[in-house]
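Structure, as structure tokens:
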Amino acid sequence: MKLLVGTKTGFVKVEYKGGGDWRVIDRGLDGHTVTNLVVRQNYILAGTYNGIFRSDDNGRTWREASNGLTARDICWLIAHPTVPNCTFAGTEPAAIFISYDGGISWQECPEVAQLRDELGWWVPYSAEAGCVRSFAFSGSRAYAAAEVGGVLRSDDNGTTWDLVEGSKTGARSGGSVHPDVHTVVIHPSSPDLVFASTGGGFYQSKNGGRTWICLYHCYVHGIWADPTDPAHMILGPGAGPSGRNGRIEETFDGGQTWHPLTEHWSDKMVGKFIQFDNTLFAVMSNYSVLSTNLDTLEWKPVFTNISGITNLALA
């Protein structure tokens, strides 16, 4: 297995040699904080704090691919799973951009910025007006996480967006989702079954975002949902953005009970879970990475010779 490791100073390509040994085989984009990587058959896209870059030679050389971007701080970059050459960028301030030509050009979804400005989205760590930091896709359905704004939904492959009903009814109303949304995940069993991690809890909707229930009152970013069993989930909660009291927990009964998989940490929490084959990686808030085989769930540090890790992608 080969992976691209996004870091605060570029990307690193690593190859698994067996026995827990990951070997560094290449580096690139020196000096850029790489927030996300999209790997297609013929090109790679890298999101950074200063726009998007494209490589057509497996990461050896790069050129800027930000034509049409009016916001250059890329919080999330993801390829549409079924539409060829279609890629989405979520930015800070909160906006969504689409490329239909592999990142050569981008067009904004104007309704997202309109919602941002009308409703006063914000983020606690920046003067900018919110950010879009996660996407999930199932067929023509898509969801996006807006911090602090709510859950966005599209029913036309991400062409147009609106807040789900459960993000329009007020942060403390019954059946609504907390507006500080960090991650959204769709379960493969139904495009209406969606999970959201937020600054005020871990939420589930069974009706496409119309109503929500809180499965766990906590501060949380990382979610993993078992694609074969919607009642089986792994969560990375903590006590707040500082990472205090971070840990990894698991449920087999849809969130009624949670069981610890790790100790509690004083200075870090899970930022995101990323699965490749039967290996689950946890990218931590202190820019380190843990991994486990899903059969054993024994978490161990990996890539200890690489600092400032932000994301992972299959090379």
Side-chain angles (χ1 to χ4, degrees), residues 1-18 20-67 69 71-81 85-92 97 99 101-106 131-135 183 221-222 268 270-277 279-291 300-315:
M1 179 188 293
K2 294 181 181 179
L3 298 179
L4 295 181
V5 181
T7 80
K8 297 175 75 174
T9 56
F11 80 88
V12 180
K13 184 183 288 187
V14 297
E15 184 175 10
Y16 188 63
K17 297 295 185 178
D21 178 25
W22 289 89
R23 196 76 49 83
V24 174
I25 58 175
D26 199 6
R27 296 177 183 269
L29 280 176
D30 293 347
H32 291 280
T33 296
V34 177
T35 56
N36 290 96
L37 290 152
V38 167
V39 181
R40 291 291 211 182
Q41 184 175 0
N42 300 317
Y43 60 88
I44 304 171
L45 296 177
T48 75
Y49 288 159
N50 190 31
I52 296 170
F53 294 83
R54 172 172 164 145
S55 173
D56 297 304
D57 54 11
N58 203 30
R60 287 187 291 275
T61 61
W62 296 81
R63 70 180 190 275
E64 191 168 354
S66 301
N67 183 35
L69 290 179
R72 298 178 64 87
D73 188 340
I74 309 301
C75 302
W76 204 264
L77 193 65
I78 188 170
H80 193 287
N85 292 320
C86 180
T87 310
F88 292 81
T91 66
E92 180 185 329
F97 297 85
S99 173
D101 54 15
I104 295 171
S105 63
W106 297 86
C131 71
V132 174
R133 61 163 60 250
S134 172
F135 293 91
T183 307
H221 281 265
K268 63 184 178 183
V270 177
K272 63 191 71 146
F273 289 112
I274 303 172
Q275 182 181 351
F276 301 125
D277 297 328
T279 301
L280 188 62
F281 294 90
V283 181
M284 308 300 291
S285 60
N286 67 347
Y287 305 107
S288 64
V289 179
L290 304 176
S291 77
K300 297 179 180 179
V302 290
F303 315 133
T304 54
N305 59 334
I306 302 172
S307 61
I309 297 173
T310 58
N311 215 322
L312 307 172
L314 281 175

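All values derive from a computational prediction rather than experimental measurement.
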Between G59 and I44, which heavy-atom pair has the shortest distance, and what is it? N-CD1, 3.9 Å
What distance separates L45 CG from I74 CD1, expressed to the nearest 0.5 Å? 10.5 Å
Please give me the minimum heavy-atom distance between L280 and Q275, naming the atom from each residue. CD1-CB, 3.9 Å
For D277, look at atom CG and say whether over 12 heavy atoms of other residues, nucleotides or ligands are found less than 6.0 Å away. no
State, with a plain yes or no, whether a side-chain heavy atom of K300 is found less than 4.5 Å away from one of V302. no
side-chain contact (heavy atoms from CB on, under 4.5 Å) between Y287 and T7: does it pass, once the steps are laid out? CA-CA 8 Å; Y287 305 107; T7 80; over 6 Å; no
Residues R54, R40; criterion side-chain contact (heavy atoms from CB on, under 4.5 Å); working and verdict: CA-CA 11 Å; R54 172 172 164 145; R40 291 291 211 182; over 6 Å; no
For the CH2 atom of W76 and the CZ atom of F135, what is their distance to the nearest 0.5 Å? 9.5 Å
Neighbour count above 12 (heavy atom, 6.0 Å) for Y43 OH: yes
Work out which heavy atom in L69 is nearest to a heavy atom in G51; give both atom names and the distance. CD1-CA, 4.5 Å
Compare all side-chain heavy atoms of T310 with those of T35 and state whether any distance is below 4.5 angstrom. no
Closest approach of S291 to F281 (non-hydrogen atoms, all atoms of both residues): CB-CD2, 3.6 Å
In Å, rounded to the nearest 0.5 Å, how long is the span from NZ of K2 to CD1 of I25? 4.5 Å
We want to know whether S288 and N286 form a side-chain donor-acceptor pair, criterion being a heavy-atom distance below 3.5 angstrom. yes
Which residues pass the side chain to side chain donor-acceptor pair (under 3.5 Å) test with T183, sequence neighbours left out? S197
Answer whether the closest heavy-atom distance between the side chains of Y49 and E92 falls below 4.5 Å. no
Find the distance between CZ (R27) and CG (L29) and round it off to the nearest 0.5 Å. 13.0 Å
Nearest heavy-atom neighbours spanning F88 and H80: CE1-CD2, 3.9 Å
Could you tell me the separation between the CH2 atom of W22 and the CG atom of L3, rounded to the nearest 0.5 Å? 4.0 Å
Any side-chain heavy atom of L314 sitting closer than 4.5 Å to one from M1? yes
Got R133 and K272 here, is their nearest side-chain heavy-atom distance under 4.5 Å? no
Okay, side chain of T33, backbone of K8: is any donor-acceptor separation there less than 3.5 Å? yes
Do I52 and F97 make a side-chain contact, defined as non-hydrogen atoms from C-beta onward lying under 4.5 Å apart? no
Output the distance between atom CZ (F273) and atom CG (L290), rounded to the nearest 0.5 Å. 9.0 Å
Mind checking salt bridge (Lys or Arg N to Asp or Glu O under 4.0 Å) for R60 and listing every partner two or more places apart, or none if nothing turns up? none
Without hydrogens or angle criteria, can the side chains of S99 and D101 be said to hold a donor-acceptor pair below 3.5 Å? yes
Using distance only, find each side-chain donor-acceptor pair of residues 10-17 under 3.5 Å and give its atom names and separation, not counting sequence neighbours.
{"residue": "E15", "atom": "OE1", "partner": "K17", "partner atom": "NZ", "Å": "3.4"}
{"residue": "Y16", "atom": "OH", "partner": "G19", "partner atom": "N", "Å": "3.3"}
{"residue": "Y16", "atom": "OH", "partner": "G20", "partner atom": "N", "Å": "2.9"}

Side-chain contact, heavy-atom cut-off 4.5 Å: I274 with V283? yes
Within the 4.5 Å heavy-atom criterion, are T91 and D73 side-chain neighbours or not? no
How close do L37 and G6 get, counting heavy atoms only, and between which atoms? CD1-N, 3.8 Å
